[in-house]
2 protein chains.
Amino acid sequence: MSLRIALLGLLTASGPASGYDLTKLFESSISNAWHARHSQIYPELNKMAAEGLVTVDEEGPRGRKTYTITEEGARELRTWLIEKEPSRSQRSEVALRAFLLPTLEPHVAAALLRAEAEVYGRRLAMLETIRATKSLAKQPDFGRHALELGIRQVRLLRDWSEETAADIEGSTGS
Amino acid sequence: MSLRIALLGLLTASGPASGYDLTKLFESSISNAWHARHSQIYPELNKMAAEGLVTVDEEGPRGRKTYTITEEGARELRTWLIEKEPSRSQRSEVALRAFLLPTLEPHVAAALLRAEAEVYGRRLAMLETIRATKSLAKQPDFGRHALELGIRQVRLLRDWSEETAADIEGSTGS
DNA sequence: ATCCGCATGTAACAGGTTACATGATTCA
DNA sequence: TGAATCATGTAACCTGTTACATGCGGAT
């Protein structure tokens, strides 16, 4: 369901696009919120076309198909946003790791956390660059709040990793 | 894979336990990091037993089976924690929603965000109660860092929802 | 006796990943 | 002409959810 919603949202934001375009849009804009590969996107678009949520303006040089969202598609997106209670169920490898870290020797755990912190630090820098650049973009608002959320989440992970490493090292008096 | 690791971790932390015990432990301790139902846990334990990661001390009143982690199981857990690069791939309905919110009228989006903020506020209160209580618990450390991470993440979501709602309302001068 | 909680399982389906497979167009 | 990129698809497999199914043991 969520994949379908993400596609409807992207089509709303970008106007008509092909499966290929949407796959790249996924990576560049929404990947921080949702992941999908082309092998999942293409069949889904076909299903959505069959159900009347999008239409195909079959054209394009290679086999390229361009999809446009329909009224019904727009309605489905709206209903989902307004009426569906979001699933808050978590499944995060990072958090799982955090939970299990105390099963390792403190200095090993701390080293792993520092490495994590560095990864997140780099990711944070990237996102902040995007934020700085985006003021020039076409869509003035679309994705801005989501980007802000992403930045905060990455910063949180970096800080937590760093502080937890310090805490672990501190408590052993290494 | 991650489910298996979570189970090995819980067995390490709690000592021998049944599938039923682990299902409840999952809910009470680790659900913030990973979700699993008994229908997934029971078959996985059977597979793990077949592969020698856990042993069954078949006993117990009803069909109860008690599982114990083996040396090989402990090795597998350790290797995963140390060597496996954690998947950072995100899939969050909350973030997806955040991304798509600008497709709605500002006042509708703001109202949805306020409702979200309230949910997270309640969740935050719950987690903070747990943290306050946990100082009395048996395991001095296990899960403390993960709980801290969970609290920060929920707080972030509450604050972001609140602030984004204010921002949206502010920019329309309603 | 009856109900609740303990305790384990399976089957059907939905959602996702990896790998395989193919071919057209553009550019150097 | 060869490489990179555009462009779409399918098949096998793994993970996870929902629902169904069964039965024991303890407490009232």
Side-chain angles (χ1 to χ4, degrees), chain A residues 1-8 10 14 16-28 30-31 33-51 54 56-67 80 84-93 95-96, chain B residues 1-8 10-11 14 16-28 30-31 33-51 54 56-67 80 84-93 96:
Chain A
M1 199 74 266
S2 292
L3 169 62
R4 171 169 297 209
I5 296 299
L7 290 170
L8 291 172
L10 286 179
S14 70
S18 70
Y20 188 82
D21 295 336
L22 288 166
T23 303
K24 283 193 306 172
L25 255 179
F26 239 99
E27 280 162 24
S28 67
I30 212 175
S31 73
W34 207 263
H35 269 236
R37 309 283 160 97
H38 78 271
S39 59
Q40 203 185 354
I41 291 172
Y42 288 127
E44 186 66 26
L45 284 169
N46 282 330
K47 261 196 271 173
M48 287 162 76
E51 295 173 33
V54 296
V56 196
D57 322 329
E58 185 126 15
E59 304 185 53
R62 285 136 267 225
R64 184 185 169 91
K65 298 188 207 166
T66 304
Y67 294 90
W80 188 85
K84 208 222 160 208
E85 168 73 4
S87 153
R88 261 166 276 271
S89 115
Q90 284 289 349
R91 199 166 269 124
S92 153
E93 246 184 66
L96 178 60
Chain B
M1 198 76 266
S2 292
L3 169 62
R4 172 168 298 210
I5 297 299
L7 290 170
L8 290 172
L10 287 179
L11 283 172
S14 69
S18 69
Y20 188 83
D21 295 337
L22 288 166
T23 302
K24 282 193 308 172
L25 256 177
F26 238 101
E27 280 162 25
S28 66
I30 212 177
S31 72
W34 207 263
H35 269 236
R37 309 283 161 95
H38 79 271
S39 60
Q40 202 185 353
I41 291 171
Y42 287 128
E44 186 66 26
L45 285 169
N46 282 330
K47 264 197 268 173
M48 288 161 77
E51 295 173 34
V54 297
V56 194
D57 324 328
E58 184 126 16
E59 304 185 54
R62 282 137 267 220
R64 184 186 169 92
K65 299 189 208 166
T66 304
Y67 293 90
W80 188 86
K84 209 223 159 206
E85 167 74 4
S87 152
R88 261 166 274 271
S89 114
Q90 284 287 349
R91 201 166 267 124
S92 152
E93 249 186 63
L96 178 59

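Reminder, nothing fancy here: chain letters follow the sequence lines and each chain counts from 1.
- Side-chain atoms of B:R64 lie closest to C:dT8 of the nucleotides D:dT8, D:dG9, C:dT8.
- Judged as a side chain to side chain contact (heavy atoms under 4.5 Å, CB included), and not counting sequence neighbours, the contacts of A:R37 are A:S39.
- For the pair A:E93 (side chain) and B:P86 (backbone), a donor-acceptor distance under 3.5 Å is absent.
- For the side-chain contact (heavy atoms from CB on, under 4.5 Å) test with B:Y67, the passing option among B:L45, B:L10, B:D57 is B:L45; the others fail.
- Taking the side chain of A:Y20 as heavy atoms from C-beta on, and the options C:dT8, C:dC6, D:dC6, the nearest nucleotide is D:dC6.
- The CD-C1' distance, from B:E93 to C:dA14, rounds to 14 Å in whole Å.
- The CZ atom of A:F26 sits 18 Å away from the C1' atom of D:dA7 (whole-angstrom rounding).
- Contact check, A:K24 against D:dA7: no side-chain N or O comes under 4.0 Å of OP1 or OP2.
- In terms of phosphate contacts, B:Y42 brings a side-chain nitrogen or oxygen within less than 4.0 Å of OP1 or OP2 of C:dT8.
- The distance between atom CD1 of A:I41 and atom P of C:dG15, rounded to the nearest whole Å, is 15 Å.
- Listed by chain and number, the residues in a side chain to side chain donor-acceptor pair (under 3.5 Å) with A:E44 are A:R4 (sequence neighbours excluded).
- Although no hydrogens or angles enter the test, the distance criterion places no donor-acceptor pair under 3.5 Å between the side chain of A:N46 and the main chain of A:P43.
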| Under 4.0 Å protein heavy-atom contact, by nucleotide of nucleotides 13-24 of chain D - B base, S sugar-phosphate only | --SSSBB---BB

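- In this structure, CZ on B:R91 lies 12.5 Å from OG on A:S87, to the nearest 0.5 angstrom.
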